[in-house]
Amino acid sequence: MLLETLAEQSRFRLTGRLDEVETLCTGFAERWPGAVHSFVYGQSAEGRPMRALLVSRTGAFTPQALREQGIPLLLVQAGIHPGESDGKDAGFSALRELLGGEPLADATGGSPIETHAPQQDPLAHLAILFVPAFNTDGHERTGHWNRPNQTGPEETGWRATAHNLNLNRDYTKADSPEMQAMLALIRDWDPLVTADLHVTDGADFEPDVSIQVEPVHLGDPELRPAGIALRDALVDRLAAQGSLALPFYPDLAIEDDPTSGFMVTAYSPRFSTGYFPTRNRYTVLVETHSWKDYATRVRVTRNAIVGLSDLMAVHAPQWMAAVRAADERAVLLGGEDVILDITVDRNEPADETASPVPSTATTVIDFRGYAYTRHVSPISGEPVPVYDPTTPQIWRVPYYNGVLPSVTVRAPRGGYLVPRAYAQLIAEKLTLHGLSYETLERPVDHLRTEMFRATGADFSTAPFEGRMQLTVQGAWRAEPQSLPGGGLFVPIAQPGARLLMTLLEPQSPDSLAAWGFFNSHFEQKEYVEPYVTEIFASQMLEQDPALADEFRAKLAKDAAFAADPVARREFFERRHASWDTRFAMYPVLRTELIP
C-alpha cells in the first residue's frame with residue numbers, strides 16, 4: 001500500500017478531493033495501527049466531517065496521555081485556504097515518510113526523492129496532529145481559476161467557507177462552525193507548536209518560501225529568543241535542501257511597486273500567526289511562493305514539516321519549559337501594561353533585542369528578484385509591473401523590519417465583570433478559547449468597578465467578514481456599579497490572560513467589541529426634538545452662568561462647533577438630566593478586586 005496522493009500520482013498536476021482525505025486517513029491508520037489514530041473533530045456548515053490524524057510512536061493518543069507523559073504536540077494545519085493545497089499533499093507525504101513509508105514521489109515520474117535522513121526518529125519523541133483540510137466546504141468548491149495568481153494544481157478549492165468567511169480572520173471572533181471546532185481541538189490538545197501552511201500572493205521573485213514564527217513581535221517577550229532561534233534554524237534547514245527561504249513574508253510596502261521594498265507583517269490575533277502568542281504558544285507560518293510550480297511547492301512544504309519535526313524532537317523540552325513559565329507569568333499580569341497591538345516601525349531605529357516589543361532600524365537589503373518593467377496599463381490606467389522570470393535581478397530595497405506598540409492597556413488586578421445580559425454569549429466564547437470564569441449567583445451591590453465610556457466611536461463603512469467593525473476611543477475610569485445575579489466574573493489571574501484581554505479590552509483590534517458584538521451600545525436610542533432642546537437649553541443658560549460662559553467660549557474658539565446646529569444642541573443635551581447615561585458605555589466592567 002503506497003498511500004500516494006493524487007498529486008504524486010499525477011506528477012503534481014492535480015490535487016485530491018475530500019474522498020481522498022478520508023481514504024488516506026483510513027489507509028494510514030490501517031498500515032500503522034500502533035502509530036496513527038484518525039478521528040473527526042467537527043462538522044462544517046454544510047455537514048462535512050472535519051478529520052484529523054494523530055501520529056506518534058510514544059503510545060500517547062489522547063490529550064490526557066500527552067499531558068501525563070509530557071509529550072510535546074505539533075499541530076500541522078493545512079487547508080485553511082483550500083486553494084493553497086500544498087499543505088495537505090505535503091502533510092500526507094511527510095507523515096508517510098516519518099512513519100517509515102515511501103518518500104515524496106519525483107515530479108518526473110522517476111525514483112522517489114530521498115530527502116530525510118534524521119539522526120533520530122522524531123515520532124518517538126513527539127506527537128503530530130495533522131488537519132489536512134480545515135476548510136472542508138471550501139475544499140469541495142473546486143474550479144480551474146480559484147487561484148489565478150498561482151501556478152498549479154489545475155483545479156483547487158475556494159478560499160472561503162460556505163458562509164463566505166475567511167477562516168484566517170476568525171480566530172478570535174469564532175463566528176464559523178469550522179473555527180469553533182478548531183478552537184475546541186486547540187483547547188483540548190494544547191499544541192506546543194502550530195504550523196499553518198499557506199501559499200503567498202504578490203510579486204514574482206526567486207525565493208520559494210517564507211518562514212515566520214511567533215512569539216517574536218507579539219506575546220510574552222521572554223519567549224522571543226526561542227522564537228527567533230526556531231525561525232532561523234528552520235530557514236537554515238530549508239536552505240540546506242536547496243530553498244531560498246525568507247525569514248519574513250515578502251509583503252511589498254506599496255502593492256505592485258518593488259521599489260517600495262518590504263515590511264514585516266504585524267499580525268493581529270484574528271490570524272493564526274497572531275492568535276497563538278496570546279496563548280503563550282509557538283506558531284510557524286509557512287508560505288511557499290505562488291509562482292513556483294506545484295511539485296516544488298509541495299516538496300518545500302514537506303521539507304518544512306519534516307524539518308520542524310526534527311527541531312521539535314531536539315528542542316521541545318526547553319520550549320515546553322519556556323511556555324509553562326510564560327503561563328505562570330501570565331497569571332501575574334494584573335496591574336501590568338500589556339501590548340495588545342503593534343504597527344510597523346517605518347522610522348524609529350532601536351536595538352533588535354529590546355523588550356517588551358523589539359524594533360529595529362529600517363535596513364536596506366539585497367533581494368533576489370527578477371527583472372521587471374513598470375508601465376501605465378491600458379486596463380487600469382495605473383503603473384503595473386511585468387516580471388521576467390528568466391532574468392534574475394538584485395533589488396536593493398528598504399526592509400522595514402521593526403514594530404512598535406500601537407495599543408497598550410494596563411491589565412485589571414481583579415478581572416472583568418460581565419452583566420447577565422451578555423453572560424451566555426461571552427461564556428460561550430470564553431469556553432471555546434479555554435478561558436475560565438465564574439458565575440455570580442447573587443447580586444453584587446456598589447462594587448468598585450471601572451467603566452469604559454467611549455469619547456468616540458467609528459463604525460466601518462462596509463462589512464468585513466460579515467461584521468460591521470467598531471473602533472472606539474476612550475478610557476477606563478472608576479465608577480461603582482451594582483450587578484444583578486447571573487453575571488460572570490472573569491479573573492485576570494489565568495494562563496490565558498493575554499488572550500482574555502484581547503477579547504474583552506474594547507480597544508484591542510480583535511476584541512469582541514471591535515468585531516461588532518456590542519454595536520447597539522454605541523447607537524443613540526432616545527432622542528429629543530430640536531425645539532424641545534431649545535427650551536431647556538435656554539433655561540440652562542439662564543440658571544447656570546458657568547455653563548453659559550463655557551458655551552460662549554466654545555463658540556469663540558471652535559469654528560466648526562459654532563457652524564454646526566446639531567453639535568450646539570448636543571452640548572446642552574449631554575448636560576441635561578434627560579441624557580442617556582448608558583450611551584456609548586461598553587457593557588463589560590473591570591474590577592481591581594475579586595468579588
Intermediate values then yes/no, side-chain hydrogen bond (donor to acceptor under 3.5 Å, both in side chains), S290 and N149: CA-CA 7 Å; S290 62; N149 50 348; 5.8 Å; no
Taking C-beta and beyond as the side chain, do [X] and [Y] meet within less than 4.5 Å on heavy atoms?
X    : Y    : result
P191 : L129 : no
T283 : P277 : yes
Y171 : S272 : yes
V284 : F276 : no
M312 : V193 : yes
L75  : D196 : no
P269 : L499 : no
P132 : F92  : yes

Are [X] and [Y] within salt-bridge range, i.e. N to O under 4.0 Å?
X    : Y    : result
E465 : R467 : no
D175 : K173 : yes
E84  : R159 : yes
E102 : R31  : yes
R297 : D86  : yes
D220 : R329 : yes
E8   : R96  : yes
D236 : R231 : no
D190 : R281 : yes
E154 : R13  : yes

Let me see the working for Q494 and S436 under side-chain hydrogen bond (donor to acceptor under 3.5 Å, both in side chains), right down to the final yes or no. CA-CA 8 Å; Q494 53 180 306; S436 62; 3.1 Å; yes
If only side-chain N and O atoms count, and only distance matters, is there a donor-acceptor pair under 3.5 Å linking [Y] with [X]?
X    : Y    : result
T23  : E20  : no
D208 : S243 : yes
N135 : T161 : no
H163 : D137 : no
K292 : T151 : no
T200 : H289 : yes

How are the rings of W319 and H315 set to each other: parallel, tilted or perpendicular (split at 30° and 60°)? parallel
Could you tell me whether the side chain of [X] and the main chain of [Y] form a donor-acceptor pair under 3.5 Å?
X    : Y    : result
E214 : L218 : yes
S38  : L53  : no
Q180 : A174 : yes
N280 : P495 : yes
E255 : L252 : no
T62  : A65  : yes
Q150 : G83  : yes
N168 : H81  : no
R187 : G434 : no
D510 : T172 : no

Write down the atom of [X], the atom of [Y], and the distance for their closest heavy-atom approach.
X    : Y    : result
P221 : P225 : O-CD, 3.8 Å
G87  : L197 : CA-CD1, 3.5 Å
A181 : Y41  : O-CD1, 3.8 Å
A124 : T58  : O-CG2, 3.6 Å
V131 : A52  : CG2-CB, 4.2 Å
Y370 : P392 : CD2-CA, 3.9 Å

Before giving the answer on side-chain hydrogen bond (donor to acceptor under 3.5 Å, both in side chains), spell out for Y294 and S85 the whole-Å C-alpha distance, their side-chain angles and the decisive distance to 0.1 Å. CA-CA 9 Å; Y294 194 48; S85 53; 3.0 Å; yes
State the [atom1]-[atom2] distance between [X] and [Y], to the nearest 0.5 angstrom.
X    : Y    : atom1 : atom2 : answer
I80  : L167 : CD1   : CG    : 5.5 Å
L503 : S508 : CG    : OG    : 7.5 Å
T502 : E505 : OG1   : CD    : 9.5 Å
R169 : N166 : CZ    : CG    : 4.5 Å
L14  : T142 : CG    : OG1   : 11.0 Å

For [X] and [Y], I'd like to know if the aromatic rings sit close, meaning centre-to-centre distance below 6.0 Å.
X    : Y    : value
Y422 : F518 : yes
H198 : F271 : no
F262 : F367 : yes
Y267 : Y275 : no

Determine whether Y387 and F205 satisfy the following criterion, ring pair (Phe, Tyr, Trp, His ring centres under 6.0 Å), listing intermediate values before the conclusion. CA-CA 8 Å; Y387 298 97; F205 39 68; 8.1 Å; no
Passing option when R279 is tested against I186, D327, V323 for side chain to side chain contact (heavy atoms under 4.5 Å, CB included): I186
Using side chain to side chain contact (heavy atoms under 4.5 Å, CB included), reason through F61 and V55 one step at a time and then give a plain yes or no. CA-CA 8 Å; F61 287 99; V55 181; over 6 Å; no
Does atom CD (Q64) have a neighbourhood of more than 12 heavy atoms from anything else shown, all under 6.0 Å? no
Can you tell me if CD on Q424 sees more than 12 non-hydrogen neighbours from other groups inside 6.0 Å? no
Evaluate R147 against D201 for salt bridge (charged side-chain N to carboxylate O under 4.0 Å, His left out), listing each step before the verdict. CA-CA 10 Å; R147 286 279 290 174; D201 304 319; 3.0 Å; yes
